[in-house]
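Naming: A, B, ... by sequence-line order, numbering from 1 per chain.
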Number of protein chains: 2
Amino acid sequence: MTKIPDRTIERLITYRRLLQKQAVEGVISIYSHDLATLAHVKPVQVRRDLMEIGFSGSPSKGYGVQGLLDYISGILDMPGGTKAALVGAGNLGRALLSYFNGRSSTINVVAAFDVDTNIIGRVIAGCRCYDIQELGARAKEFGITIGIVTVPATQAQSAADALVEAGVTGILNFAPVPLRIRPDVYIVQVDITRALEKVAHFAKPQSAKEV
Amino acid sequence: MTKIPDRTIERLITYRRLLQKQAVEGVISIYSHDLATLAHVKPVQVRRDLMEIGFSGSPSKGYGVQGLLDYISGILDMPGGTKAALVGAGNLGRALLSYFNGRSSTINVVAAFDVDTNIIGRVIAGCRCYDIQELGARAKEFGITIGIVTVPATQAQSAADALVEAGVTGILNFAPVPLRIRPDVYIVQVDITRALEKVAHFAKPQSAKEV
DNA sequence: TACTGGCTGTGAAATGGTTAACAACGTTAT
DNA sequence: ATAACGTTGTTAACCATTTCACAGCCAGTA
Ligand SMILES: NC(=O)c1ccc[n+]([C@@H]2O[C@H](COP(=O)([O-])OP(=O)(O)OC[C@H]3O[C@@H](n4cnc5c(N)ncnc54)[C@H](O)[C@@H]3O)[C@@H](O)[C@H]2O)c1
Ligand SMILES: NC(=O)c1ccc[n+]([C@@H]2O[C@H](COP(=O)([O-])OP(=O)(O)OC[C@H]3O[C@@H](n4cnc5c(N)ncnc54)[C@H](O)[C@@H]3O)[C@@H](O)[C@H]2O)c1
């Protein structure tokens, strides 16, 4: 199988979430048409994405919901689940911990790390907070493979370095700085401030008008 | 000026942030080469982006840092600043309020809205929390033009509808549901769970290997 | 002055992603 | 039995964006 494009993976994640809802509502099968409406894309995009991953439907019944769910999960998920570490249990970090703690998922945030002695030792949403010094040891102990960076911008690079040192192969970074990291470590940047500024720009009246 | 592409706007926001740092460090002028390194893009991409917005540098000195900063801000920012409302002052909403409150910016979150009577009336990070019923009135009072949605997924559509009703022209949505909204309202979706799942997928060993 | 080097600005090509168009195929209705 | 319909799977065209390649320019230097 050749590599699945980035954008396709993003849509597959969306499809899965929508299909899970459909499944609990008892829907057995679904047309590209319907899934597309839910996901806000065109039907042909859905069909192409499913073609990309090699999943087939029937012209009469569409795609089997449960089968497609399992198939997508087989592509997206690590068998046995994924263990994540969160670095920086501040305002945002704690919000993320309580959020990810809630949902059942194959991804689990199993440990948090900080430098603040007031925070170290606390248990936030069922997740213990360790001294950042222990990252290497705990990562090995828990089998952590991905890291979440929610430290101040000035600390983000060193936090990312520590995570890579500890053996993670993917990083989710909330600090508004581009991280310089080995190319075999996959990075996703979530830049909330940039997203807000983007909304502000395109919400400007003049961005719509004109030749 | 024809419309500036979405991706270019995103990079301009990044450039501006990096240039601000350079400016305070006393850098007067910068080459596409250097800005590209900071932003993790190629030099030609920087030059093309600046060409797109009509900003010129000199082959000998590069681009003037302060001039470029002002020029980019003139494109990105609403003259007079942008006022935002946050709907849903829960875990994430409060983290965002305290974060955006901190930085000085042309974008200000001037009011929060919730349904929880324990939250209504509180002041979070200098921002008062009102009953969601008051949204229309307060939006007019404060001149709010963009909205931030941090309510539970089930409430996201109605929160967005209320914001549109109140006259906002852009929405930043953190709920993991695609919003169905008038096409003249600009939406940016920040899907944190999807970002995490994406990291988990691409961090899988087998996503790198193979023909 | 004439030459060299390194940079900007930009047409043109390449890349990556989306959409149109349609053949193939079950299902249903006649 | 077969014609009509609606859907999937897929090729090819299309579009947006990135990248290449190079002309033009300025500053410094012999
Ligand atoms: N809070 C938000 O809503 C928000 C929005 C956009 C971006 N961000 C970004 O997310 C990051 C965190 O924001 P926040 O509001 O949670 O900040 P915060 O100050 O509340 O939390 C940061 C935490 O990181 C810890 N820390 C500092 N250095 C560390 C290190 N080297 N190793 C481990 N832990 C360390 C601190 O002790 C603190 O607990 C920042 O980079 C910020 O720019 C936050
Ligand atoms: N917390 C996170 O880290 C995180 C991560 C990813 C996504 N999200 C998404 O962000 C959203 C908020 O998450 P959270 O953790 O802050 O949830 P939360 O439950 O802590 O906060 C939600 C807030 O919205 C308020 N609310 C509910 N209905 C409302 C309505 N109709 N109008 C106004 N306010 C209303 C509630 O009273 C509550 O204060 C959710 O959609 C969630 O899926 C959160």
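- A donor-acceptor pair under 3.5 Å is absent between the side-chain atoms of B:E141 and the main chain of B:G136, judged by distance alone.
- Under the 3.5 Å distance criterion, the side-chain polar atoms of B:Q66 are left unmatched by any main-chain donor or acceptor of B:A23.
- Judged by distance alone, with hydrogens and angles left aside, the side-chain atoms of A:R94 form a donor-acceptor pair with the main-chain N or O of A:A89 at under 3.5 Å.
- For B:R48 and C:dG9, the CZ to P distance is 12 Å, given to the nearest whole Å.
- Phosphate proximity of D:dT8 to A:S58: absent, as no side-chain N or O sits under 4.0 Å from OP1 or OP2.
- Between A:D49 atom CG and D:dG9 atom C1' there is a gap of 13 Å when expressed in whole angstrom units.
- For C:dT8, neither phosphate oxygen OP1 nor OP2 lies less than 4.0 angstrom from any side-chain nitrogen or oxygen of B:S56.
- Residue B:P5 is classed as a sugar-phosphate contact, given heavy-atom separations below 4.0 Å to backbone atoms only.
- Computed from coordinates, the A:R47 CZ to D:dT11 C1' distance equals 13 Å when rounded to whole Å.
- Atoms NZ (A:K42) and C1' (C:dA20) sit 10 Å apart, rounded to a whole Å.
- Closest-nucleotide positions on DNA chain C for A:P59 and B:S32 were compared, and the one nearer the 5' end corresponds to B:S32.
- A:Y71 places a side-chain N or O within 3.5 Å of a backbone atom of A:I53 that can act as its donor or acceptor partner.
- In this structure, A:L196 and B:I146 have side chains that are in contact, with non-hydrogen atoms separated by less than 4.5 Å.
- Using a 4.0 Å cut-off on heavy atoms, none of the residues of residues 8-22 of chain B approach DNA chain C.
- The CG atom of B:D6 sits 8 Å away from the P atom of D:dT17 (whole-angstrom rounding).
- Following rounding to the nearest Å, B:I4 (CD1) and D:dA16 (C1') show an atom-to-atom distance of 16 Å.
- Without hydrogens or angle criteria, A:T150 side chain to A:G88 main chain gives a donor-acceptor distance under 3.5 Å.
- Atom CD of B:Q45 is separated from atom C1' of D:dC20 by 13 Å (rounded to the nearest Å).
- Atom OH of A:Y31 and atom C1' of D:dC5 are 11 Å apart (whole Å).
- Both tests do not hold together for B:R11 against B:Y15: distance to the six-membered ring centre under 6.0 Å, angle to the ring axis within 45°.
- In this structure, A:S60 does not reach the D:dT7 phosphate: none of its side-chain N or O atoms is under 4.0 Å from OP1 or OP2.
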